[in-house]
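Residue numbers start from 1 in every chain, and the chains themselves are labelled A, B, ... in the order their sequence lines are given, proteins ahead of strands. Only this structure's heavy atoms are used, side chains among them; waters, hydrogens and symmetry mates stay out. Predicted model, so just to flag it, every value in this text is computed and none were measured.
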Amino acid sequence: MELAKAYDPKEAESRHYERWEQLGCFHPEVNKDADAKAYSIVIPPPNVTGSLHMGHALQHTIMDVLTRWKRMQGFRTLWLPGTDHAGISVQRKVVEQLRAEENKSPLDIGREEFLKRCWAWKEEYGNTIIEQMRREGASVDWTRHRFTMDPGLSAAVRSVFVRLYEEGHIYRGLRIVNWCPKDKTVLSDLEVKEETKKDGKLYYLRYPVSEPAASAGGSDFIVVATTRPETMLGDTAVAVNGSDERYKHLIGKTIALPLTSREITIIADEYVDAEFGTGAVKITPAHDPNDYLVGERHGLEQLLVMNMDGTMNAAAGAEFDGMDRFKAREKVVEMFDELGLLEKVEDYEITLPVCERCKTVVEPILSEQWFVKMDELRDIGLDLIEREGVPRFVPEVPHAKVYTTWLENLKDWTISRQLWWGHQIPAWYDGEGNVYVAHSEEEAREKAGGRELTQDNDVLDTWFSSGLWAFSTFGWTGEAGGQLSVVSGQSDEKSVSSPATDNRQPTTDLENFLPTDVLVTGRDIIFLWVSRMMMLTKKFTGQTAFKDCVITGTVLGKDGKPMSKSRKNGVDPIEMFDKFGVDATRVYLASIATGADIRWNDLLIETYRNFANKIWNATRFSLMNAGPQAASLQADESRLGACDPTALADRWIISRLNRTALELNKALERYEFHTAVSLLYHFFWDDFCDWYIELSKSEPPAVAGGLTQDSENVQPPATAGGSDGSGVTLNVLETALRMLHPFMPYLTEELWQKLPGTSAEMHHAAYKSEPPAVAGGLTQNSDNVQPPATAGGSDKTIMLADFPRGDASLIDEAAEFEMSVVIDAIKKARNIRAEMNISPSVRFAVHLAAKSDVQRVFRDNEPQILRLARAEKLVISDVLDVPKASAKAVLTANATLAVPLEGLIDFAKERERLANAIAKLSDEKTRLDGQLSNENFVTRAPAEKVEALRERTAELEIQIKTLNNNLSSLSIDQ
RNA sequence: GCCGUCUUAGCUCAGUGGUAGAGCACUCGCUUCACACGCGAUAGGUCAGAAGUUCAAAUCUUCUAGACGGCACCA
């Protein structure tokens, strides 16, 4: 069969995903091995408002590589997808839509109607990212898709809330909170970011002291400095440090607060730093967290002068009532100035707290909210990481320490949000303001003795429900009298894909898949999500949410800054898929060192697009040369023992293959995806294509190909040491495709389907025991089964084939050494050709001199050396016997190589070439001599290191001597 | 202010004690019958700077410079 000349990713991408899905490959139930170990990953649920960005693509790639790898190893594998309801974001979208389309506010249509609109919005746009995951090739189990507001997950939220409340971990109270006046909701500390403002001002205000101090040259004023002058309308005291001589005499005196009719007291408090500013601080308990504490200590009035939309209220005074806070600031300053009470205004660089999402300046404000007391949960989290080492962060530095430090300083968590979209707080109030926390209104009413109740208006922080993700997604609801009630495997929501029925095992997902194996996410949500999931999962299930936590780096724009819409430096993954192919993009993302940031660079994806094309063409070549018999194939025992020059190359490539497979698995175990990619890239391109295939070309077309499959190991075909290049080629190729599959699912499936002899028989044992009747007997409905890409109605797929483990016993050191000698000879001959400017079309003789065992290697591989060095003949002997007009080189194993070049040689050039070679070798020898003459090194370094240097020095000596001889003979003879 | 990370070839990045690596770009050569998304051959780094530990440092320690991240504070 003939393949196209170049790989067309779109063609392959269009075909396989649906087929995999229909074969049921994404379900853990595809695994028929009752003893199979489970391997599970839950996706960090993307926001329903988002669309796929590079960070997702990176994390999804890693999760899919792990999932496919483990699946091929025979694990009962589950990657669970889902989405997060993203409270504020959705609410904002729907509010905007409502205003734009109907010019209405949420209050106009009411809570119930508004929620309907939210659900409609979510139905329409909420699966953008999750749908884009199909294009990525993500092997997630769509039947287990979850949404944080699914009934089951919502029940879990209520159960957790009720229990935390009953145990005293949740309380409602009046505190200074972070308030976003635009979103009109409270935010947790983690949702507030800082923005530096260079053009900030510090205003110095004079407060007239009611009883002017007569002594100590005291003035009639006390000067306070503030960046928020409008808050002075809510001042209820001025504080100074009790030991500050300047103000000591004023303590207890009062101030006629300007612009108001209020008198406030001058108090002493340690909080005030006498050295800082004027040493006097205005105290606004309702609008500043520190002032709040001062106020509590001194029993000050908490005067709220602002509304929740960022305007001033009546308490600020009639002329400020309803005025925007920033307008009010100007007005206050203006009035102070008019009254002669503005001491000065200084330029001042300030950092403002802003809402993470809308960048609105956050207002610290006194408000009644729900909080989680974090003491017990913090101890749970600390205990896990410090005693059990869970989670194990990858990379460990710096995350483990940052995480631990953060936990140690954990403050209470504000969990209520003044939104409608989300989990409404399961708390009800009676007419007298008594609160009843319950799983349902019914239960609350029982508790309230049947009184009329109203439910708390607010909803919970989205992260509260995300914090339960590791177990709520597996069916935990916390209901049914402490018994785990498991939601049926079917998603509460409409599944994104919709298998008709569901024949789950009797055991529950919770038992099967918790703890999950690894969490892959970004560092921005370690505190928001990772920590909370860790703590809540442990508290409510007794399990660890996950063992390992891979923290990916940030994909930066070409300018080295994080990608963002405002910077317009974003790169759309979908565009990259279109331009370079999904597989190439995946490999590029996997090639980034785990946890490292990287600047986006198209050129690097091109590398992997080229790699994909190389794999395609290597397969194309192998198929073209496989011969007609290759399709029928059995290992042909009769070929065993046949002595043939390709034997070395066969032994060598099988050795390299197994070495690569062993190291590849190790790299994946360590989450070193970049190492894995590098191993695959160099094995495939350098070893397999550049050397093995090129060497095999010197042979006549293969007689017969044999694909053998041994699920235990990367087994050489029966021809190891035999004559059938093509059989080895196809076997190695087939194995390489399996190793590549987790990274490049589409390309490898496309090619694997085309290899002769691949079949469902090659699936891992766990997938073979019976026809794959999974998840509702999908495959039994033949109408739904797409015919495979190639002949025969087979349900074969590389996805379920065995992942190569590598077999250390097949590593052949001798073959690798001998091959290195052959490669060296070819490279040195090529070097002479290139440096001497000899046309590729000129065939020259290559003389090789070496010890007898090395001579044998040359002799055994004569056709290959002839071909790849473009030589006409090899002359192999004990010592070189060539005309002086020859170019010479030294090889490993102290062999020498010469190319007689009568009439062609450029003496000057050859002398230069030799001199360069000698210089390089001499530099090395000088360095080694220096080390060896150092007695400390000889006595203290490990003996094997010293010995290795000695050997190398001896070798260098011979080589330098050889080249020097050649150089001097060239100089004499001209 | 506290904690931490990064600085390696023109570019983007690997490399945690024993002779500096990759891809791309550059230079030279190739219509070699899988691939020009290719093949072959070169060139290119005193591993930010300084000091120290060590027989041996890109790698460990300290300091300096620059870039950056997290947390805290910000009258």
Between protein and nucleic acid, restricted to nucleotides 1-4 of chain B and to nitrogen or oxygen atoms under 3.5 Å apart, what atom pairs and distances do you find?
| unit_1 | atom_1 | unit_2 | atom_2 | d |
| --- | --- | --- | --- | --- |
| B/C3 | O3' | A/K401 | NZ | 2.9 |
| B/G4 | OP1 | A/K401 | NZ | 2.8 |

Task: Partners passing salt bridge (Lys or Arg N to Asp or Glu O under 4.0 Å) against A/D412 (at least two apart in sequence or in another chain) - done: none
TODO: Would you please name every residue forming a ring-ring contact (aromatic ring centres under 6.0 Å, His included) with A/F673, sequence neighbours left out?
DONE: none
Task: Spacing between A/R523 atom CZ and B/G69 atom P, to the nearest angstrom - done: 10 Å
- [ ] Starting at the 5' end of nucleotides 36-45 of chain B, put B wherever the base has a protein heavy atom under 4.0 Å, S where only the sugar-phosphate does, and a dash everywhere else.
- [x] SBSSSSSS--
Open item on the list: Considering every strand and a 4.0 Å limit on heavy-atom distances, what is the contact class for A/E194: base, sugar-phosphate, or nothing?
Closed with: base
Open item on the list: Any base atoms under 4.0 Å from A/L603, or only sugar-phosphate, or nothing? Heavy atoms, all strands.
Closed with: sugar-phosphate
Open item on the list: Could you work out, with side chain to side chain donor-acceptor pair (under 3.5 Å) as the rule, every residue matching A/R927, not counting sequence neighbours?
Closed with: none
- [ ] Indicate, with a heavy-atom threshold strictly under 4.0 Å, whether A/K282 touches base, sugar-phosphate, or nothing.
- [x] nothing
- [ ] State which residues pass ring-ring contact (aromatic ring centres under 6.0 Å, His included) with A/F577; sequence neighbours excluded, sorted by chain then number.
- [x] none
Task: Among B/G18, B/C73, B/U12, the nucleotide that comes nearest once only the side chain of A/Q931 is considered - done: B/G18
Open item on the list: Once side chain to side chain contact (heavy atoms under 4.5 Å, CB included) is applied, do any residues pair with A/E951, and if so which ones, sequence neighbours excluded?
Closed with: A/E947
- [ ] Could you summarise the pairing of RNA chain B as dot-bracket text, marking Watson-Crick and G-U pairs under 3.5 Å with ( ) or [ ] inside the strand and | across strands?
- [x] ((((((((.[[[[.)..(..]]]]..((((.......))))......[[[[[..)....]]]]])))))))....
Task: side chain to side chain contact (heavy atoms under 4.5 Å, CB included) partners for A/S933, two or more places apart - done: none
- [ ] Just jot down the side chain to side chain donor-acceptor pair (under 3.5 Å) partners of A/D578, sequence neighbours excluded, or say none.
- [x] A/R135
- [ ] Have a look at A/N290 and say if it touches a base, only the backbone sugar-phosphate, or nothing, with a 4.0 Å heavy-atom cut-off.
- [x] sugar-phosphate
- [ ] Only counting residues at least two apart or in another chain, list the ones meeting side chain to side chain contact (heavy atoms under 4.5 Å, CB included) with A/K401.
- [x] A/T405
TODO: Look at all strands and tell whether A/L928 reaches a base, only sugar-phosphate, or nothing, counting heavy atoms closer than 4.0 Å.
DONE: nothing
Task: Listed partners of A/E955 passing salt bridge (Lys or Arg N to Asp or Glu O under 4.0 Å), at least two apart - done: A/R952
